[in-house]
Amino acid sequence: MNDVTIRPRYAEWELSKGTKEERRNAIYLSLHSNASATPGTSGTESYIHAYRLIQGSRSLRSAIHDELVGDLRQAWDRNWKDRGKKAADFGELRGLRTMPGVLLEMAFHDHRQDAKALSSPGFRQLNARAIYKGIVRYFAKKQGRRPVFLPEPPTLLLAQNT
């Protein structure tokens, strides 16, 4: 067993100790940066397992991917490349048996602009917030409810001594 395949198996093992409710509401998310054999490749792509399709994986992937690419285009780079929603036989997803899972390639660490973005706290915060919102959207849709998000952090805060 190696590092890549042990992660989903460990998640499944931990989940097996949970309550029925916890098992019903579990998801698995593997966050990555990517590298490419083709120079100049950049952007965001997301994957589900190609052969073992666990119920909910497609909708989880769509919710996170759409939120992430949309937020990156709105707040980071309006031309951010959407490399698509894909399926592959990755070890990070292969061991999943009971919970939906997504592997998210946020950017390409061998592409100059993507690498610069990955090193930026603002970019990472934007990614984290978008992933959170995608997860909230996934569960809201699953439960037939409207998504409710935590408020955005305050900006332009002013303290005045009166």
Side-chain angles (χ1 to χ4, degrees), residues 1-16 23-144 147 149:
M1 195 147 320
N2 65 38
D3 179 54
V4 171
T5 59
I6 195 67
R7 295 174 197 161
R9 290 180 182 186
Y10 177 73
E12 288 284 351
W13 179 73
E14 283 290 339
L15 183 59
S16 71
R23 289 192 303 272
R24 187 173 57 247
N25 289 318
I27 62 169
Y28 178 85
L29 184 58
S30 186
L31 304 178
H32 295 252
S33 63
N34 206 349
S36 176
T38 308
T41 303
S42 67
T44 297
E45 57 193 10
S46 57
Y47 292 87
I48 57 176
H49 196 269
Y51 308 117
R52 185 176 294 114
L53 187 57
I54 297 169
Q55 184 178 0
S57 290
R58 271 197 175 100
S59 57
L60 177 63
R61 177 190 59 189
S62 289
I64 293 172
H65 183 95
D66 293 346
E67 192 72 41
L68 180 55
V69 171
D71 285 8
L72 287 171
R73 286 179 173 169
Q74 182 180 8
W76 188 261
D77 177 355
R78 66 187 173 111
N79 296 313
W80 189 261
K81 184 157 184 180
D82 179 352
R83 295 190 42 81
K85 302 169 200 166
K86 304 175 181 182
D89 183 22
F90 289 141
E92 286 92 340
L93 300 171
R94 192 177 307 128
L96 295 176
R97 301 281 185 266
T98 62
M99 68 183 102
V102 175
L103 185 148
L104 181 62
E105 299 280 7
M106 296 181 286
F108 284 74
H109 55 258
D110 61 350
H111 182 273
R112 176 173 267 126
Q113 282 77 25
D114 280 18
K116 186 176 180 182
L118 285 166
S119 69
S120 165
F123 180 84
R124 293 192 305 267
Q125 175 64 34
L126 185 61
N127 274 261
R129 181 73 179 179
I131 292 166
Y132 151 75
K133 287 168 51 183
I135 292 169
V136 169
R137 287 187 194 285
Y138 165 77
F139 280 111
K141 184 177 180 182
K142 182 178 171 181
Q143 297 165 355
F149 303 110

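All values below were derived from every heavy atom in this structure, side-chain atoms included, with hydrogens, water molecules and symmetry-related copies excluded. Since the structure is predicted, the reported quantities are computational estimates derived from the model, not experimental observations.
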How long is the gap from CG on L104 to CD1 on I131, to the nearest 0.5 Å? 5.0 Å
Less than 4.5 Å apart, side chain to side chain, heavy atoms only: is that true for R7 and Y28? yes
Under the side chain to side chain donor-acceptor pair (under 3.5 Å) definition, can you give me all pairs with a residue in residues 32-53, not counting sequence neighbours? S30-H32, S33-H109, N34-E45, S36-T41, T44-W80, E45-Y47, E45-R83, E45-K86, S46-H65, H49-D89
Measure across G101 and L93 and return the closest heavy-atom pair with its distance rounded to 0.1 Å. C-CD2, 3.8 Å
Applying side chain to side chain contact (heavy atoms under 4.5 Å, CB included), can you list everything that pairs with S57, at least two apart in sequence or on another chain? I48, L53, I54, P100
T98 vs R23, test: side chain to side chain contact (heavy atoms under 4.5 Å, CB included). Steps then yes/no. CA-CA 8 Å; T98 62; R23 289 192 303 272; over 6 Å; no
Which value, rounded to the nearest 0.5 Å, describes the distance between D114 atom CG and K81 atom NZ? 10.5 Å
Around Q74, counting heavy atoms of other residues, nucleotides and ligands shown, do more than 12 lie under 6.0 Å from its CD? no
Do other residues, nucleotides or ligands put more than 12 heavy atoms under 6.0 Å from the CD atom of Q55? no
The reported gap from CE in M106 to CG in L31 (rounded to nearest 0.5 angstrom) is 5.0 Å
To the nearest 0.5 Å, how far apart are CG in D3 and CD in E92? 8.5 Å
Could you tell me whether the side chain of M99 reaches within less than 4.5 Å of the side chain of I27, counting heavy atoms only? no
What residue pairs, at least two apart or across chains, pass side chain to side chain donor-acceptor pair (under 3.5 Å) with a residue in residues 120-132? R129-E152
Set of salt bridge (charged side-chain N to carboxylate O under 4.0 Å, His left out) partners for K133, sequence neighbours left out: E67, D71
Restricting to non-hydrogen atoms, name the atom on A130 and the atom on L68 that form the minimum distance, rounded to 0.1 Å. CB-CA, 3.6 Å
Nearest 0.5 Å please: distance from the NZ atom of K85 over to the OG atom of S62. 3.5 Å
Applying side-chain hydrogen bond (donor to acceptor under 3.5 Å, both in side chains), name anything that partners Q113, two or more places apart in sequence or on another chain. none
Can you tell if the side chain of V4 reaches within under 4.5 Å of the side chain of F90, non-hydrogen atoms only? no
Taking every non-hydrogen atom, the tightest pair across G122 and W76: C-CZ3, 4.2 Å
L118 and F108 have their tightest heavy-atom pair at CD1-C, 4.3 Å
Indicate yes or no: at least one non-hydrogen side-chain atom of D82 is less than 4.5 angstrom from one of R73. yes
Salt bridge (charged side-chain N to carboxylate O under 4.0 Å, His left out) pairs touching residues 54-65, sequence neighbours excluded, are none
